[in-house]
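First up is the structure itself, then whatever we jot down about it.
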Amino acid sequence: MPHLRLEYSANLDQKADMSAVCRAAHEAILSTGLFEIGAPRVRAYPAPHYAIADRHIENGFVDMVFRLGAGRSAEDKKRAGDAIMAAVAAELAPLLAAPHFALSLEVVEIDPALSWKKNSMHARLRDQ
């Protein structure tokens, strides 16, 4: 159950293809071999209201939170984080080359006792 949530400053809608960013992150998650195809969820939400650093009009950000189920080693979690960060950074390379952009990622392990799930996609995708 890996879920990647991207929150970004709405001014990036004119500067980046966030659908492409989501697809690249999704591919990176699957490329690790840690998750089956029915598991990853990647979604992006613009923040229409924000104040960043010196409040320069060009300032922008993407803040990512990758939540995954318990039980993976620290090395596996780091590998997944490295893959996601590399893929998203590659998609957003022009923004990273400018002095007005911040990209961050946090990996969070979900407590299984406090997480409920129902997913009919797994059965369909496992039968392929």
Side-chain angles (χ1 to χ4, degrees):
M1 188 218 100
H3 287 240
L4 179 64
R5 185 177 58 241
L6 295 86
E7 179 184 3
Y8 65 95
S9 54
N11 65 338
L12 297 187
D13 280 331
Q14 293 82 39
K15 300 176 183 182
D17 181 347
M18 295 310 289
S19 291
V21 170
C22 289
R23 287 190 303 273
H26 187 270
E27 289 173 17
I29 291 166
L30 288 175
S31 76
T32 66
L34 297 170
F35 311 100
E36 60 184 304
I37 194 164
R41 313 281 186 273
V42 179
R43 50 203 182 266
Y45 302 97
H49 309 286
Y50 52 88
I52 305 165
D54 63 354
R55 297 191 319 236
H56 190 284
I57 193 155
E58 292 296 315
N59 288 353
F61 72 89
V62 173
D63 175 55
M64 301 180 288
V65 177
F66 185 56
R67 298 170 38 246
L68 70 163
R72 289 181 180 81
S73 69
E75 294 80 20
D76 283 346
K77 289 183 272 191
K78 182 171 181 346
R79 184 162 49 103
D82 286 343
I84 293 165
M85 192 67 160
V88 172
E91 277 296 319
L92 299 175
L95 293 173
L96 284 165
H100 300 284
F101 182 65
L103 176 63
S104 61
L105 169 65
E106 179 183 11
V107 176
V108 177
E109 187 172 86
I110 299 167
D111 182 341
L114 300 173
S115 178
W116 297 260
K117 299 170 208 58
K118 293 184 183 242
N119 182 344
S120 63
M121 288 182 278
H122 283 302
R124 176 180 57 85
L125 294 169
R126 287 176 184 148
D127 289 339
Q128 291 184 4

Can you list, by chain and residue number, the hydrophobic cluster partners of [X] when the side-chain cut-off is 4.5 Å?
X	result
Ile52	Tyr50, Phe61
Ile57	none
Tyr45	none

Can you list the residues that meet the side-chain hydrogen bond (donor to acceptor under 3.5 Å, both in side chains) rule with [X], with sequence neighbours excluded?
X	answer
Arg67	none
Asp54	Asn59
Glu106	none
Asp17	none

Which atoms form the tightest heavy-atom contact between [X] and [Y], and what is the distance?
X	Y	value
Val107	Gly81	CG2-CA, 4.2 Å
Ala10	Pro48	CB-CA, 3.9 Å
Ala87	Ala24	CB-O, 3.7 Å
Ser115	Ile110	CB-CG2, 3.5 Å

Donor-acceptor pairs under 3.5 angstrom involving side-chain atoms of residues 26-38: please list them, not counting sequence neighbours.
| unit_1 | atom_1 | unit_2 | atom_2 | d |
| --- | --- | --- | --- | --- |
| Ser31 | OG | Ala28 | O | 2.7 |
| Thr32 | OG1 | Ile29 | O | 2.7 |
| Thr32 | OG1 | Leu34 | N | 3.2 |
| Glu36 | OE1 | Arg126 | NE | 2.8 |
| Glu36 | OE1 | Arg126 | NH2 | 3.4 |
| Glu36 | OE2 | Arg126 | NH2 | 2.6 |

_Working note: Arg5 + His3, criterion side-chain contact (heavy atoms from CB on, under 4.5 Å); need CA distance, chi angles, decisive distance, verdict._
CA-CA 6 Å; Arg5 185 177 58 241; His3 287 240; over 6 Å; no
*With side chains defined as the heavy atoms from C-beta onward, is the minimum distance between Met64 and Met85 less than 4.5 Å?*
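SC-SC contact between Met64 and Met85 confirmed.
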_Arg41 (side chain) donor-acceptor with Ala39 (main chain) under 3.5 angstrom_ = yes
_Restricting to side chain to side chain contact (heavy atoms under 4.5 Å, CB included), what partner residues turn up for Ser104, sequence neighbours left out?_
Asp63
*With Ala89 via side chain to side chain contact (heavy atoms under 4.5 Å, CB included) - residues at least two apart*: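 Applying side chain to side chain contact (heavy atoms under 4.5 Å, CB included) to Ala89 gives Leu96, Leu103.
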*What residue pairs, at least two apart or across chains, pass ring pair (Phe, Tyr, Trp, His ring centres under 6.0 Å) with a residue in residues 86-115?*
His56-His100
*Would you list the pairs meeting salt bridge (Lys or Arg N to Asp or Glu O under 4.0 Å) in which at least one residue belongs to residues 69-90, sequence neighbours left out?*
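Of all non-adjacent pairs touching residues 69-90, those that pass salt bridge (Lys or Arg N to Asp or Glu O under 4.0 Å) are Asp76-Arg79, Lys77-Glu109, Lys78-Asp82.
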